[in-house]
Protein chains: 2
Amino acid sequence: MKNLLYTGKKIKKTKARTIILEEINKIKSHPTAYEMFEIVKQRLPRVSLGTVYRNLDILSEHGLVLKLKMNDAQMHYDGRTDEHYHIQCVKCGKTEDIPLEMLKDIDTAVRDKTSYRILYHTISFYGLCTGCAEEDVSGKGKKV
Amino acid sequence: MKNLLYTGKKIKKTKARTIILEEINKIKSHPTAYEMFEIVKQRLPRVSLGTVYRNLDILSEHGLVLKLKMNDAQMHYDGRTDEHYHIQCVKCGKTEDIPLEMLKDIDTAVRDKTSYRILYHTISFYGLCTGCAEEDVSGKGKKV
DNA sequence: TCATAATTAAGAATGATTCCTGTTTAAAGT
DNA sequence: ACTTTAAACAGGAATCATTCTTAATTATGA
């Protein structure tokens with residue numbers, strides 16, 4: 001293979017792969033695989049969920065997508081690949097970026113306090129997004 | 001019910017529940033539900049995995065145990081219930097406490113930079129534990 | 001254009017966790 | 001202590017996100 005697509009690694013430029021990468025780069029929120037499947041299906045109706053999962057994995061292995069584990073059942077995928085932190089709404093599950101600079105110093109701080117060889121860390125914030133916070137006020141007393 | 005067991009909440013003191021809490025408090029690492037099941041089985045041979053799951057959930061709802069999501073497939077459970085951070089070995093999956101004081105100020109730092117109402121955050125470190133780091137050196141070049 | 005290795009759709013399999021059902025047990029009120 | 005009953009139990013089925021399998025298709029290098 002001569003075309004070193006996307007990253008300089010050998011990776012075939014397929015229709016599904018291209019659309020997945022384009023679509024995830026269009027949005028700032030961090031969808032689940034199933035949400036990506038629904039988005040991609042609009043442009044590629046016969047795409048299968050397995051293909052979406054596989055390509056999101058391959059793209060994340062090649063550093064083109066970040067794979068995030070938050071406090072819900074599904075993985076989330078992020079088209080922004082520089083290191084940064086995330087926040088998730090505890091009510092609706094929406095997951096987004098946090099504009100907080102990387103705390104590079106805490107790895108070294110921990111390095112001195114543990115026998116582990118530290119490789120990286122993750123920070124996740126949890127709270128209520130604007131929409132859910134409003135519901136919370138107007139719906140006070142109601143069981144959600 | 002008059003006896004307000006464990007926490008002041010209505011919670012029955014059953015054999016399984018008591019043993020689960022005793023055993024998780026004996027260890028500093030943070031086992032999965034299945035690992036707890038194996039430990040509890042030694043004292044209560046007829047215990048079922050479902051009971052271990054249910055009790056770990058109930059205990060965590062009552063603040064007697066922490067339920068941790070790290071970067072592997074299973075949940076981990078922590079008998080130490082004051083807020084603190086965790087580290088996981090990327091190779092063997094062992095999960096332990098990190099002696100790093102809580103960064104309370106980062107919630108407020110983020111509060112000013114986002115429209116979310118921040119409730120809490122988590123920090124997880126990943127690296128190699130002593131044992132796995134040694135293997136890594138002695139086994140250099142080998143596929144693990 | 002051809003060969004072939006990678007990718008695909010579709011659906012089966014996996015694995016952690018939760019749920020269901022009928023039975024047992026802890027504890028509240030006598 | 002005896003009774004009552006809601007909670008908890010064991011065992012196994014169900015769920016759900018994700019991964020795997022297979023036979024057919026496709027992108028790429030020659």
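It should be emphasised that the depicted structure is a prediction, and the values quoted were computed from it without experimental measurement. First the proteins, then the strands, lettered A, B, ... as listed; each starts at 1.
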Should the pair A:Phe125 and B:His121 be assigned to parallel (<30°), tilted (30 to 60°) or perpendicular (>60°) ring geometry?
tilted
Integer-rounded Å distance: D:dT18 P and B:Asn71 CG:
13 Å
What is the separation between atom CG on A:Leu68 and atom P on D:dT18, rounded to the nearest whole Å?
12 Å
For the CG atom of A:Leu119 and the NZ atom of B:Lys91, what is their distance to the nearest 0.5 Å?
11.0 Å
Under 4.0 Å between a side-chain N/O of B:Thr14 and OP1 or OP2 of D:dA7, yes or no?
no
Length of the line joining A:Leu56:CG and D:dT19:P, which is rounded to integer Å
10 Å
Grab the CE-C1' distance between B:Met75 and D:dC16 for me, whole Å please.
15 Å
Round to a whole Å and report the spacing from NE2 of B:His62 to P of D:dA7.
11 Å
Do the side chain of A:Thr114 and the main chain of A:Arg111 share a donor and acceptor less than 3.5 angstrom apart?
no
Determine whether A:Lys26 and A:Glu23 satisfy the following criterion, salt bridge (Lys or Arg N to Asp or Glu O under 4.0 Å), listing intermediate values before the conclusion.
CA-CA 5 Å; A:Lys26 277 188 195 162; A:Glu23 291 300 326; 2.8 Å; yes
Close side-chain approach of B:Leu103 to B:Tyr85, heavy-atom, < 4.5 Å:
yes
Using only heavy-atom distances, decide whether a donor-acceptor pair under 3.5 angstrom links the side-chain of B:Lys12 to the base of D:dA7.
yes
If we check side-chain contact (heavy atoms from CB on, under 4.5 Å) with B:Arg17, which of these qualifies: B:Thr51, B:Leu56, B:Val52, B:Asn55?
B:Asn55
Could you give the CD1-to-P distance, from B:Ile20 to D:dA8, as a whole number of Å?
12 Å
Please tell me if B:Arg17 has a side-chain N or O lying less than 4.0 Å from either OP1 or OP2 of D:dA7.
no
For A:Asp72 and D:dT15, give me the distance from atom CG to atom P, rounded to whole Å.
21 Å
What is the distance from CD of A:Glu61 to C1' of C:dT7, rounded to the nearest Å?
15 Å
Of the candidates D:dA8, D:dA10, C:dT8, the side chain of B:Arg46 sits closest to D:dA10
So which protein nitrogen or oxygen atoms get under 3.5 Å of nucleotides 18-23 of chain C's nitrogens or oxygens?
unit_1, atom_1, unit_2, atom_2, d
C:dT18, OP2, B:Asp57, OD2, 3.4

To the nearest 0.5 Å, what is the distance between CD on B:Glu101 and NE2 on B:His84?
13.5 Å
